[in-house]
Amino acid sequence: MITLYDEDANPVGEVSRARMRAENLWHGCVLIFVRSLDGSRVYVHRRTDTKDIFPGLYDCSAGGVIDAGEAPGPAAERELAEELGVSGVPLKELFRTRYVDDRTRYHAWVYEVSTDGPFTHQPEEVASGGWMDLGELRRRIDDPDWPLVPDARAISREWLRTLVPGEG
């Protein structure tokens, strides 16, 4: 079960993940951008081919759906630990936004962490991963042919605008 939200990001109940996907209902997600300790690189991974949405595409953030009864901060900690095996690092909450397309619509709580790892991929969700420098990530995001998860493409543009001018 996951938390169901209204259009204004107010929790309004619980719903199964299957129903949320089938009816494209508003839900909450957390996205965590993982930067190297020196701030020059971002951890990018490829999703497994068995993911229920956007299988096999690249993603430049860890994250996922907020479970029923869960707040965004704990959801971000859980998702980071589950997907990349990273725990015990302070999360910096950056901003809230929303993402809507014909397959999904959600409210996003966006975070950033700084760590050099180590990383342990969750085999059901992450096929592979590695570092990409910020400049390269900016170029790839702007390349419509690079197989990046659509929501990550949109939200990472917002995230990159929050960085100090001249970074990456």
Side-chain angles (χ1 to χ4, degrees), residues 1-21 24-39 41-45 47-48 51-54 58-101 104-126 129 131-132 134 137 141 148-164 167-168:
M1 297 296 286
I2 63 156
T3 302
L4 182 65
Y5 288 85
D6 66 16
E7 194 170 336
D8 297 318
N10 300 305
V12 294
E14 298 177 1
V15 67
S16 71
R17 181 182 294 258
R19 181 172 169 214
M20 174 268 292
R21 292 279 186 235
N24 196 9
L25 300 173
W26 279 106
H27 58 286
C29 286
V30 293
L31 285 82
I32 308 100
F33 291 96
V34 180
R35 292 180 70 184
S36 58
L37 290 174
D38 69 5
R41 300 171 298 160
V42 178
Y43 198 79
V44 177
H45 66 276
R47 297 161 67 94
T48 61
K51 289 287 291 176
D52 64 340
I53 190 163
F54 308 128
Y58 287 95
D59 202 337
C60 53
S61 67
V65 176
I66 299 172
D67 287 342
E70 189 176 39
E77 291 173 352
R78 175 183 54 76
E79 287 288 349
L80 187 59
E82 284 177 5
E83 286 186 18
L84 300 180
V86 175
S87 59
V89 296
L91 288 169
K92 177 182 176 186
E93 185 173 355
L94 299 177
F95 59 91
R96 284 181 25 189
T97 190
R98 60 170 64 187
Y99 179 79
V100 177
D101 68 18
T104 189
R105 58 184 173 156
Y106 64 81
H107 301 283
W109 284 260
V110 181
Y111 297 85
E112 181 178 286
V113 298
S114 295
T115 182
D116 285 338
F119 299 99
T120 303
H121 298 152
Q122 182 181 38
E124 297 82 16
E125 295 195 30
V126 179
W131 291 110
M132 183 177 289
L134 281 169
L137 179 62
I141 288 169
L148 181 63
V149 176
D151 57 335
R153 189 178 306 275
I155 294 172
S156 63
R157 285 183 173 130
E158 283 188 67
W159 169 67
L160 287 168
R161 287 193 294 270
T162 70
L163 300 181
V164 176
E167 283 189 356

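Values reported hereafter were calculated over all heavy atoms of this structure, with side chains retained and with hydrogens, waters and symmetry mates removed.
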Give a yes or no answer on whether the side chain of D116 reaches the backbone of L37 with a donor-acceptor pair at less than 3.5 Å.
-> yes
Taking V34 as the fixed residue, which of T115, V42, V89 is the one that meets the side chain to side chain contact (heavy atoms under 4.5 Å, CB included) rule?
-> T115
On a heavy-atom basis, the closest approach of V65 and R17 is CG2-NH1, 3.6 Å
Look only at the side chain of S36 and the backbone of R41, and say whether a donor-acceptor pair between them is shorter than 3.5 Å.
-> yes
Heavy-atom side-chain contact between F119 and V86 under 4.5 Å = yes
Min side-chain heavy-atom separation W131-Y43 under 4.5 Å | yes
Just do the side-chain contact (heavy atoms from CB on, under 4.5 Å) check on F54 and D59 with the steps written out, would you?
-> CA-CA 10 Å; F54 308 128; D59 202 337; over 6 Å; no
Nearest heavy-atom approach of H121 to G129 is CE1-N, 3.3 Å
Give a yes or no on whether the backbone of R105 and the side-chain of N24 come within a donor-acceptor separation of less than 3.5 Å.
-> yes
Provide the closest heavy-atom pair for C60 versus L137 in the form atom of the first, atom of the second, distance.
-> CB-CD1, 3.9 Å
May I ask you to decide if N10's main-chain N or O and D8's side chain share a donor-acceptor pair within less than 3.5 Å?
-> no
H27: what forms a ring pair (Phe, Tyr, Trp, His ring centres under 6.0 Å) with it, not counting sequence neighbours?
-> Y106
Donor-acceptor pair, R21 side chain versus I53 backbone, under 3.5 Å?
-> no
Test side-chain contact (heavy atoms from CB on, under 4.5 Å) applied to L25 and L4, step by step | CA-CA 7 Å; L25 300 173; L4 182 65; 3.7 Å; yes
Does some side-chain heavy atom of S16 sit less than 4.5 Å from a side-chain heavy atom of M1?
-> yes
Using modelled atom types only, decide if a donor and an acceptor are shared between the side chain of T3 and the backbone of D67 within a distance under 3.5 Å.
-> yes
Calculate, to the nearest 0.5 Å, the distance between atoms CG and CZ belonging to L148 and R153 respectively.
-> 4.5 Å
Do E158 and V110 have side-chain heavy atoms sitting under 4.5 Å apart?
-> no
Mind running side-chain contact (heavy atoms from CB on, under 4.5 Å) on L80 and V113 for me, showing each step along the way?
-> CA-CA 10 Å; L80 187 59; V113 298; 3.9 Å; yes
Distance col, row E83:CD vs E125:CD, nearest 0.5 angstrom, shows 4.5 Å
Those residues at least two apart in sequence (or on a different chain) that pass ring pair (Phe, Tyr, Trp, His ring centres under 6.0 Å) with Y58 are W146
Determine yes or no for a side-chain-to-main-chain donor-acceptor pair under 3.5 angstrom, with R157 supplying the side chain and I141 the backbone.
-> yes
Give the minimum heavy-atom separation between S61 and L31, together with the two atoms involved.
-> OG-CD2, 3.5 Å
Grab the two heavy atoms, one from I155 and one from Y99, that are nearest each other, plus how far apart they are.
-> CD1-CB, 4.2 Å
Which residue pairs pass the ring-ring contact (aromatic ring centres under 6.0 Å, His included) test when at least one of the two sits in residues 71-92, sequence neighbours left out?
-> none
Report yes if some heavy atom in the side chain of L163 is under 4.5 Å from a heavy atom in the side chain of R35; otherwise report no.
-> yes
Over all atoms of both residues, closest heavy-atom pair of W109 and G28 | CZ3-CA, 3.9 Å
Check whether any side-chain heavy atom of E7 lies under 4.5 Å from a side-chain heavy atom of R98, and answer yes or no.
-> yes
Side chain T97, main chain A108, donor-acceptor under 3.5 Å = no
List the steps, then state whether side-chain contact (heavy atoms from CB on, under 4.5 Å) holds for I66 with Y5.
-> CA-CA 10 Å; I66 299 172; Y5 288 85; 3.8 Å; yes
CD on E112 to CD on E93, rounded to 0.5 Å = 12.5 Å
